Amino acid sequence: MRTQVGIVGAGPAGLTLALLLQQQGIESIVLERRDRDYVEGRVRAGLLEQNTVDLMRALGVAERLDERGLVHDGVYLRWQGQTQHIPMTELTGRSITIYGQQQVVRDLIDACNERGIPVRFEVDEVAVHDLEGEPRITYRDEGGEQSIECDLIAGCDGFHGICRPSIPDGVLTEHEYVYPFGWLGILAEAAPTTDELIYAWHERGFALYSMRSPQISRLYLQVPAEESIEDWPDERIWEELQLRLGVEGWSVGQGPIFEKGITPMRSFVAEPMQYGNLYLAGDSAHIVPPTGAKGLNLAANDVRLLAAAIAERYRSGDIGLLERYSETALRRVWRAQDFSNYMTQLLHRFDDGDAFQARLQLSRLEQLRRSEAAARNLAENYVGLPASDDF
Ligand code: APR
Ligand code: PHB
């Protein structure tokens, strides 16, 4: 088999890349280890920057997103019984959209199917070869051993994928910080009792009130990294959410919990995001803690840049954009790393409730209330800086 671009991984990065390439008349094949139901069912975050919404629209895959996405013009910060609204749109002219990543993936897979882009699910033993020369991907499916020759390989196989580890030792610099806590996340059949997201600082730890629809709430609690979900029966979750998010005369809307899990939190960047003819995009190259809601948005930005660079190579033979891909993508990646780390540091309980740290956090929150410049800085980062070729 032969194709122009071999894509490993059918997450948001791989699927979006395949669709973007097809728009430019470039052929690709997407290889995915899991089955379609698993990929579509994986519960993740659900906040899209304006840039990501614009990209989905340009790809013609935003019909359901435009119908069901919840457009928000701000978020609330809550601490010690007070609530501060950060009016994102007023401060930046841009908005955010709440739409689950599961839905995004479903829409992308549907579009690939409708447009005849091959997405091969349940392939085993995917391996990449000859990265510096004429690259090849091998894998195994029900028909036996397969091999695909391609011009370029896109490593869109997430943090635990095989592409990044296929790069020879010593090429990549890997930066990593693992947080001493994780997020316990739930989905509940409960009408949200808030119109916009609430990020809550609390002595007991961080909590976040998000949603998926007018009937479905998505809520998170900071828990210790080693926590087991068995220790969190539903009643305990609701009680803790109410303690951390509640204010006088207002409570969190409750309902049956139909999904719960604990996600560890890390910051990770591998650079450069390229080796020979292998280009990394999305979680395979970087992970951010979810506090800034940047994961999916960074993946979308990577493939926007990568698709443009690949298209330029085929159109004119000019590989300048490809050569600069890593450098360009990493500018936004590091900005998002810093912002996600800032949001995490601002709102989580660190070091067993160290009083000095807590006082610094409260002072920063107070500054966000008093200073429009501080609020604007948060808002600009949160909604995402406008997409351009060099950012
Ligand atoms: N072979 C083939 N596919 C693989 C392999 C492999 N060896 N290893 C992993 N995969 C697949 C995974 O099963 C998954 O479907 O690659 C895909 C990677 O998808 P994601 O992990 O969703 O990563 P990405 O597409 O970069 O999307 C980033 O995901 O983690 C969130 O918050 C993050 O929203 C962000 C988004
Ligand atoms: C979500 O809705 O899942 C969500 C929203 C905002 C975040 C993280 C997750 O910062």
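The chain is numbered in sequence order, starting from 1. Since the structure is predicted, the reported quantities are computational estimates derived from the model, not experimental observations. Start at 1 and go down the list; that is how both ligands and their atoms are numbered.
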Would you mind listing which atoms of ligand 2 come within a distance below 4.0 Å of any non-hydrogen atom of [X]?
X    : answer
L197 : 5 (C), 6 (C)
G46  : 1 (C), 2 (O), 3 (O)
T291 : 10 (O)
A45  : 3 (O), 9 (C)
Y220 : 1 (C), 3 (O), 4 (C), 9 (C)

Given [options], which one has a non-hydrogen atom that is nearest to [atom]?
atom                    : options          : result
atom 10 (O) of ligand 2 : W183, Y99, Y199  : Y199
atom 25 (O) of ligand 1 : G46, G282, A13   : A13
atom 28 (C) of ligand 1 : D283, V288, V303 : D283

Quick one: look up the protein heavy atom nearest [atom] and list residue, atom name and how far away it is.
atom                    : value
atom 32 (O) of ligand 1 : G295 CA, 3.7 Å
atom 3 (N) of ligand 1  : R33 N, 3.2 Å
atom 19 (O) of ligand 1 : G11 CA, 3.4 Å
atom 8 (C) of ligand 2  : P290 O, 3.4 Å
atom 9 (C) of ligand 1  : D157 O, 3.1 Å
atom 11 (C) of ligand 1 : E32 OE1, 3.2 Å
atom 36 (C) of ligand 1 : Q101 NE2, 3.6 Å
atom 18 (C) of ligand 1 : C156 O, 3.4 Å
atom 21 (O) of ligand 1 : R44 NH2, 3.3 Å
atom 2 (O) of ligand 2  : S210 OG, 2.6 Å

Examine F350 together with F181 and report whether their ring centres are nearer than 6.0 Å.
yes
Quick one: does P12 get a heavy atom under 4.0 Å from ligand 1?
yes
Quick one: does any side-chain atom of [X] pair with a main-chain N or O of [Y] as donor and acceptor, under 3.5 Å?
X    : Y    : answer
Q222 : R349 : yes
S363 : R359 : no
K260 : I237 : no
E176 : F268 : no
R304 : S388 : yes
S284 : G155 : yes
D73  : S95  : no
Y209 : T193 : yes

Structural part of [X] in contact with ligand 2, heavy atom criterion under 4.0 angstrom:
X    : answer
M343 : neither
Y209 : neither
I98  : neither
A293 : both

Please confirm whether R212 comes within less than 3.5 Å of ligand 2 when only nitrogen or oxygen atoms on both sides are compared.
yes
[X] heavy atoms, cut-off 4.0 Å: which ligand 1 atoms fall inside?
X    : result
R34  : 13 (O)
R42  : 12 (C), 13 (O), 14 (C), 15 (O)
I162 : 7 (N)
V8   : 1 (N), 2 (C)

Look at the side-chain heavy atoms of Ile, Leu, Val, Met, Phe, Trp and Tyr, link any pair under 4.5 Å apart, and say whether Y314 and L306 land in one connected group.
yes
May I ask you to decide whether [X] forms a salt bridge with [Y], counting only side-chain N to carboxylate O separations under 4.0 Å?
X    : Y    : answer
R369 : E366 : yes
D231 : R236 : no
E149 : R136 : no
R33  : D157 : no
E312 : R315 : yes

Sub-3.5 Å N/O-N/O distance, G14 and ligand 1:
no
Ligand 1 to G161 polar contact by distance, N or O atoms, under 3.5 Å
no
Select one of side chain, backbone, both or neither to describe which atoms of L31 lie under 4.0 Å from any atom of ligand 1, heavy atoms only.
backbone
Modelled atom types, side-chain donor and acceptor of E49 and Y382, under 3.5 Å:
no
Strictly by modelled atom types, are Q361 and W79 linked by a side-chain donor-acceptor pair under 3.5 Å?
no
Should we say atom CZ of R370 is surrounded by more than 12 heavy atoms from elsewhere, each under 6.0 Å from it?
no
